S.K.: 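This structure is in C-alpha cells; I'll ask about it shortly.
Treat the numbers as computed from the prediction; the structure is a model and nothing was measured.
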2 protein chains.
Amino acid sequence: MSPPSADSRLLDVAIDHFGRLGLEGASTRAIARDADTLMSSITYHFGGKEGLYLAAADHIAAHMHTQIAPTLERAAQLCGDDGDIAAARAAIHAMIGGMTMVMLHDDTAAMSRFIVREQADPTEAFTRLYSGVMGQMLDRLSALVARVAGGRMSDADARVLTMTLLGQVLVFRVARATVMTGMGWNAIGPAETATIIRTITTNLDAILDQLQAGDAA
Amino acid sequence: MSPPSADSRLLDVAIDHFGRLGLEGASTRAIARDADTLMSSITYHFGGKEGLYLAAADHIAAHMHTQIAPTLERAAQLCGDDGDIAAARAAIHAMIGGMTMVMLHDDTAAMSRFIVREQADPTEAFTRLYSGVMGQMLDRLSALVARVAGGRMSDADARVLTMTLLGQVLVFRVARATVMTGMGWNAIGPAETATIIRTITTNLDAILDQLQAGDAA
DNA sequence: GTCTATAGTCGGATAGAC
DNA sequence: GTCTATCCGACTATAGAC
C-alpha cells in the first residue's frame with residue numbers, strides 16, 4: 001500500500017469537515033491543515049472549495065458503489081426471476097442488514113453526515129449521490145418489496161414502504177444522540193448491534209408477512 | 001394579536017438559520033437582517049450568538065411541549081391502567097400519527113432541521129431539547145410498547161423497537177430530498193400524506209400484531 | 001507541484017451616542 | 001432599547017517565487 005496522496009487525504013478530511021459544518025461552514029484552511037497540506041493545494045487539485053465539495057460527493061458515491069455492487073447485482077437477478085418470493089425476502093433482509101451495519105459502523109459516520117446534510121438543502125452533490133448509488137438501491141429494494149406484495153401493491157406504495165424500511169435503519173445514524181441518551185448507551189458495541197439487528201429483522205418479517213398474507217387473501 | 005416583538009422574530013429566524021447552517025455557519029448579521037433588526041440587538045437580548053442558539057433550542061422545546069402535552073398526558077394514563085392493550089395500541093397510533101403529521105408539515109421544517117443538526121454533534125442545546133420533550137416522548141412511547149408486549153420484552157428491547165418506529169416517521173423529514181426524488185413527487189400534498197400515513201399505520205399494526213401474538217404464545 | 005504573501009470580504013464582539 | 005462605528009480575526013481566492 002502506498003501512503004495516501006495529498007489529494008486523497010484532502011478528500012477524506014473534506015468529507016468529515018463538510019459533513020459536520022456544511023459547504024459554507026467548513027474552512028478550506030482547516031481542511032488543508034488537518035490533511036497536512038496547504039490551502040492552495042485545494043485550488044491546485046480541485047479548483048477551489050466548491051470543486052472539493054463535489055469531488056467529496058463523487059468520492060462517497062464511488063466508495064458506496066463498490067461496497068454494495070455485489071448485493072445490488074444479486075437483487076437484480078432476484079427481481080428478474082418469477083415467483084421465488086422467499087429469495088426476494090432473503091435479498092431484502094440482506095440489503096437492510098447490510099445497510100444497518102453501515103449505519104452503525106463508525107467508519108462511515110463521516111459519509112453519512114455528508115449525505116444527511118445534503119438532504120437539508122440539496123445541491124448538485126445530491127444529484128451525483130442519488131444517481132450514483134442511492135437511486136439504484138431504492139429501485140432494487142422497492143422492486144423486491146413489490147415482488148413480495150405480488151402485484152397487489154402500486155409502485156408508489158411499494159416505494160413508500162421501502163422508505164419506511166430505510167427509516168428504521170436510518171434512525172440509528174441520524175438520531176444517534178437521541179438513541180445513545182434514550183438507551184443509556186455509551187457506545188454501540190456487539191451487544192447493542194445485536195439488539196438493533198434483531199429488532200429490525202423482527203419488524204421486517206412482521207411487515208413482509210403481512211404483505212404476503214394480504215396478497216394471498 | 002400584537003405584532004411579533006423583535007426578540008420573537010429573532011428566535012424564529014435564528015431557528016431557521018441555525019438549522020440550515022449550524023451554530024458556526026450561521027451569521028448573526030444575516031439573522032438580524034432577516035429579522036428586521038440590528039446585530040447588536042442579539043447581544044442585547046441574548047448576550048451573543050451562543051445565547052441566541054440556546055434560546056432557540058429552548059424555544060423549540062417549549063413549542064413542542066405545548067403541542068404534545070395532551071397526547072403525552074393521555075399516554076401516561078394508559079400506561080398506568082392494567083390490561084387495556086387495545087387502548088395502549090390506540091395511544092401508540094395517536095402518537096406516531098401525530099409525529100408523522102409534524103414531520104410532513106412544512107411549518108415545523110425549521111425546528112426539525114435544528115434538532116437533526118444537534119444530533120450530529122450534540123451541544124448543551126441537545127440536553128435541553130432531550131430533557132424538555134424528546135425524552136418524555138420516548139419514555140411514554142416505549143412504556144406503551146412494553147405494555148403491548150405484555151412483559152415478554154425487556155425494557156431495552158422495547159426502547160430499541162420504539163426507535164425503529166420513530167425512524168419510519170423520521171425518514172420523511174430527514175431524507176426528504178431522497179423521498180421526493182425517489183417518489184417523483186413535487187410536494188407532499190394530501191394524496192402523498194395519505195399514502196405515507198397509510199403505509200406507516202399498516203407497518204405499525206403488523207409490528208404490534210406480532211408483538212401481541214408473541215406474548216400470547 | 002509546493003509554498004508564501006497578500007488582497008478583499010465577512011465574521012462576532014464591543015463601546016458609546018441617543 | 002435602538003443604532004452607529006470600529007476593532008480584530010478568519011475566510012477564499014489569487015498571483016507569483018521556487
S.K.: With respect to B/D205, which candidate in B/I207, B/T201, B/T202 satisfies the side-chain contact (heavy atoms from CB on, under 4.5 Å) definition?
M.R.: B/T201
S.K.: Within this structure, what is the CZ-to-P distance between B/R9 and D/dG1, rounded to whole angstrom?
M.R.: 14 Å
S.K.: Taking NZ, NE, NH1 and NH2 as the nitrogens, is one of them in B/D139 or B/R159 under 4.0 Å from a carboxylate oxygen of the other?
M.R.: yes
S.K.: Go through the steps to decide whether A/L138 and A/M163 satisfy the test side-chain contact (heavy atoms from CB on, under 4.5 Å), and finish with yes or no.
M.R.: CA-CA 8 Å; A/L138 274 178; A/M163 297 291 179; 3.7 Å; yes
S.K.: In whole Å, I'd like the distance from the CZ atom of A/R29 to the P atom of C/dC3.
M.R.: 16 Å
S.K.: Grab the CG-C1' distance between B/L21 and C/dG11 for me, whole Å please.
M.R.: 13 Å
S.K.: Answer yes or no: is there a donor N or O on one side and an acceptor on the other, between the side chain of B/R113 and the main chain of B/R20, under 3.5 Å?
M.R.: no
S.K.: Is the shortest side-chain heavy-atom distance between A/V179 and A/I196 below 4.5 Å?
M.R.: no
S.K.: Quick one about B/Y130 and B/E118 (side-chain donor to acceptor, distance below 3.5 Å, no hydrogens or angles considered), yes or no?
M.R.: no
S.K.: Does A/S27 place a side-chain N or O at less than 4.0 Å from the phosphate oxygens OP1/OP2 of D/dC11?
M.R.: yes
S.K.: Between C/dA13 atom P and B/E24 atom CD, what is the distance in whole Å?
M.R.: 13 Å
S.K.: To the nearest Å, give me how far apart CG (B/L23) and C1' (C/dG12) are.
M.R.: 12 Å
S.K.: Taking atom C1' of D/dT14 as reference, at what distance in whole Å does atom CD of A/E50 sit?
M.R.: 17 Å
S.K.: At 4.0 Å (heavy atoms only), tell me whether B/A26 reaches a base, stays on the sugar-phosphate, or touches nothing.
M.R.: sugar-phosphate
S.K.: Going by number, which of residues 31-47 of chain B have a non-hydrogen atom under 4.0 Å from DNA chain C?
M.R.: B/M39, B/T43
S.K.: Write down the distance between CG (A/L52) and C1' (D/dA13), rounded to a whole number of angstrom.
M.R.: 14 Å
